[in-house]
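Working notes, beginning with the structure itself.
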Amino acid sequence: MYRFDHFNFNVIDMEKSLAFYGEALGLKEVRRKEAEDGSYLIVYLGDGKNGFLLELTWLRDWEKDNYDLGDTEFHLALRADDFAGAKKKHEEMGCICFVNEEMGIYFIEDPDGYWIEIVPE
């Protein structure tokens, strides 16, 4: 039997990403792992409600300014207890990248271009 554990996003600037996920989604650091030689840093974020984690990975030797995310057809989705309040906050942050009124959902974009779907409870 299997159960979901975590999902990974590679990031260019760990501090910027941690600040974004903390402010936009209230995610908090659960644990981190750093290579002894400093070649990578992995930080796991959680919502404090279930065991599913978002893994953010920073790679020292990544030489590009971004990651090729293709057509961004993959995404992470989070449910919002207060959908209207969440949307207002994300509008103020300027991170909403797509709204689907018909489906009643919207997407925010993180500093590295990953899309996160926000759905009502």
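Since we're looking at a predicted model, the values are computed, not measured.
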Nearest-0.5 Å distance, CD of residue E109 to NE2 of residue H90:
13.0 Å

Who pairs with D81 by side chain to side chain contact (heavy atoms under 4.5 Å, CB included), at least two apart in sequence or on another chain?
K49, E121

For atom CG of D65, decide whether the heavy atoms of other residues, nucleotides or ligands shown that lie under 6.0 angstrom number more than 12.
no

Residues in salt bridge (Lys or Arg N to Asp or Glu O under 4.0 Å) contact with E29, at least two apart in sequence or another chain:
R32

Could you grab the distance from atom NE2 of H6 to atom CG of L45, nearest 0.5 Å is fine?
12.0 Å

Look up atom CG in L41 and atom CG in L18, then write down how far apart they are to the nearest 0.5 Å.
8.0 Å

Nearest non-hydrogen partners of V30 and G46, listed with the distance
CG2-N, 3.5 Å

With a cut-off of 3.5 Å and sequence neighbours excluded, list every side-chain donor-acceptor pair involving residues 93-104.
from: N100; atom 1: OD1; to: E102; atom 2: N; distance (Å): 3.2
from: N100; atom 1: OD1; to: M103; atom 2: N; distance (Å): 2.9

Under the ring-ring contact (aromatic ring centres under 6.0 Å, His included) definition, can you give me all pairs with a residue in residues 8-32, not counting sequence neighbours?
F7-F9, F9-Y114

Could you name each residue pair satisfying salt bridge (charged side-chain N to carboxylate O under 4.0 Å, His left out) that touches residues 9-26, not counting sequence neighbours?
none

Could you tell me which residues satisfy side-chain hydrogen bond (donor to acceptor under 3.5 Å, both in side chains) with E117, sequence neighbours excluded, listed by chain and number?
H75

Pairwise distance CH2(W58) to CG(L56) - rounded to 0.5 angstrom:
13.5 Å

Residues passing the side chain to side chain contact (heavy atoms under 4.5 Å, CB included) test with D82, sequence neighbours excluded, are A84

Restricting to non-hydrogen atoms, name the atom on I12 and the atom on W62 that form the minimum distance, rounded to 0.1 Å.
CD1-CD1, 3.6 Å

Nearest 0.5 Å, please: how far is CG in N8 from CG in L54?
7.5 Å

If you take all heavy atoms of D110 and I116, which pair is closest and at what distance?
CB-CD1, 4.1 Å

So salt bridge (charged side-chain N to carboxylate O under 4.0 Å, His left out) across residues 38-48, not counting sequence neighbours, yields none

Residues two or more places apart in sequence or in another chain: which of them pass side-chain hydrogen bond (donor to acceptor under 3.5 Å, both in side chains) with Y44?
none

All side chain to side chain contact (heavy atoms under 4.5 Å, CB included) counterparts of R3, not counting sequence neighbours
D5

Who passes side-chain hydrogen bond (donor to acceptor under 3.5 Å, both in side chains) against D37, sequence neighbours left out?
S39

If the condition is side chain to side chain contact (heavy atoms under 4.5 Å, CB included), which residues does Y40 pass it with, not counting sequence neighbours?
K33, A35, I42, L59

Hey, could you give me the NZ/CD1 distance between K87 and I108, rounded to the nearest 0.5 Å?
13.0 Å

